[in-house]
J.: 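Attaching a single structure in structure tokens format; questions to follow.
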Amino acid sequence: MNFFEQVYAIALKIPHGRVTSYGAIAAAIGSKGSSRMVGYAMAESHHHENRIPAHRVVNRNGILTGKHHFGIENEMQKRLESEGHIIVDDKIKGFSEAFWDPMTELGL
DNA sequence: GGTGTGACCAGCT
DNA sequence: AAGCTGGCCACAC
């Protein structure tokens, strides 16, 4: 299983209405410093057959750093809002409560 | 196969 | 407080 597949496998497990961070995913696949690659994987995620819920992955502060990669302006924000999140100034309000840590939740 | 480029992050100055 | 650096690893050229 290559790096990308591991990233996608975790991303697909993010529960509806929850979010996680690049760093958390990187740590969960045992490559803590590779959060950049997680972001890169997300950017390429549309190539993947399964739909990756990339909008549920933000940076460690809950900021929507990757919103531009959705093609449509505010698409990422709209998807998050439709899942019950509140976005203020490109940042998820209550991020720490909505945060889903793959390491903890998947029992790694 | 070297080099540059990322949706990042932590640590240092 | 804001900027720089190094680490990480896949990919395109």
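Just so it is clear: chains get the letters A, B, ... in the order the sequence lines come, proteins before strands, and each one is counted from 1.
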J.: Which pairs, with at least one residue in residues 39-66 of chain A and sequence neighbours excluded, count as a salt bridge (Lys or Arg N to Asp or Glu O under 4.0 Å)?
T.: A:Arg56-A:Glu83

J.: Please identify the 5'-most and 3'-most nucleotides of DNA chain C with any atom under 4.0 angstrom from a heavy atom of chain A.
T.: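 With heavy atoms of chain A under 4.0 Å away, the range is C:dG7 to C:dC11.
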
J.: Which residue pairs satisfy the ring-ring contact (aromatic ring centres under 6.0 Å, His included) criterion with at least one member in residues 20-60 of chain A, sequence neighbours excluded?
T.: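 Applying ring-ring contact (aromatic ring centres under 6.0 Å, His included) to every pair that reaches into residues 20-60 of chain A, excluding sequence neighbours, yields A:Tyr8-A:His48.
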
J.: Under 3.5 Å, which donor-acceptor pairs link side chains of residues 94-108 of chain A to any protein atom two or more places apart or in another chain?
T.:
{"residue": "A:Asp101", "atom": "OD1", "partner": "A:Met103", "partner atom": "N", "Å": "3.1"}
{"residue": "A:Asp101", "atom": "OD2", "partner": "A:Thr104", "partner atom": "OG1", "Å": "3.1"}

J.: Can you list everything that forms a salt bridge (charged side-chain N to carboxylate O under 4.0 Å, His left out) with A:Glu5? Sequence neighbours excluded, please.
T.: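 None.
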
J.: Taking only residues at least two apart or on different chains, which pairs with a member in residues 15-27 of chain A satisfy salt bridge (Lys or Arg N to Asp or Glu O under 4.0 Å)?
T.: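 Not a single pair qualifies under salt bridge (Lys or Arg N to Asp or Glu O under 4.0 Å).
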
J.: Going by the rule salt bridge (charged side-chain N to carboxylate O under 4.0 Å, His left out), which residues pair with A:Arg79 if we only count those two or more places apart in sequence or in a different chain?
T.: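 For A:Arg79 the salt bridge (charged side-chain N to carboxylate O under 4.0 Å, His left out) partners, ignoring immediate neighbours, are A:Glu75.
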
J.: If hydrophobic clusters are built from ILVMFWY residues whose side chains come within less than 4.5 Å, do A:Met42 and A:Phe3 share one?
T.: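 Linked, A:Met42 and A:Phe3 end up in one cluster.
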
J.: What residues, two or more places apart in sequence or in another chain, satisfy side chain to side chain donor-acceptor pair (under 3.5 Å) together with A:Asp90?
T.: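 Expected list: A:Lys67.
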
J.: One character per nucleotide, please: for nucleotides 6-13 of chain B, 5' to 3', B when the base has a protein heavy atom closer than 4.0 Å, S when only the sugar-phosphate does, - otherwise.
T.: BBBSS---

J.: Do any side-chain atoms of residues 30-38 of chain A form donor-acceptor pairs under 3.5 angstrom with protein atoms, and if so which ones, sequence neighbours left out?
T.:
{"residue": "A:Ser31", "atom": "OG", "partner": "A:Ser34", "partner atom": "OG", "Å": "2.6"}

J.: Please give me every residue in residues 92-101 of chain A whose heavy atoms get under 4.0 Å of an atom in DNA chain B, ordered by residue number.
T.: none

J.: Share the residues that join A:Ile86 in a hydrophobic cluster, the rule being Ile, Leu, Val, Met, Phe, Trp or Tyr side chains under 4.5 Å apart at the heavy-atom level.
T.: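 Members besides A:Ile86, by chain and number: A:Val88.
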
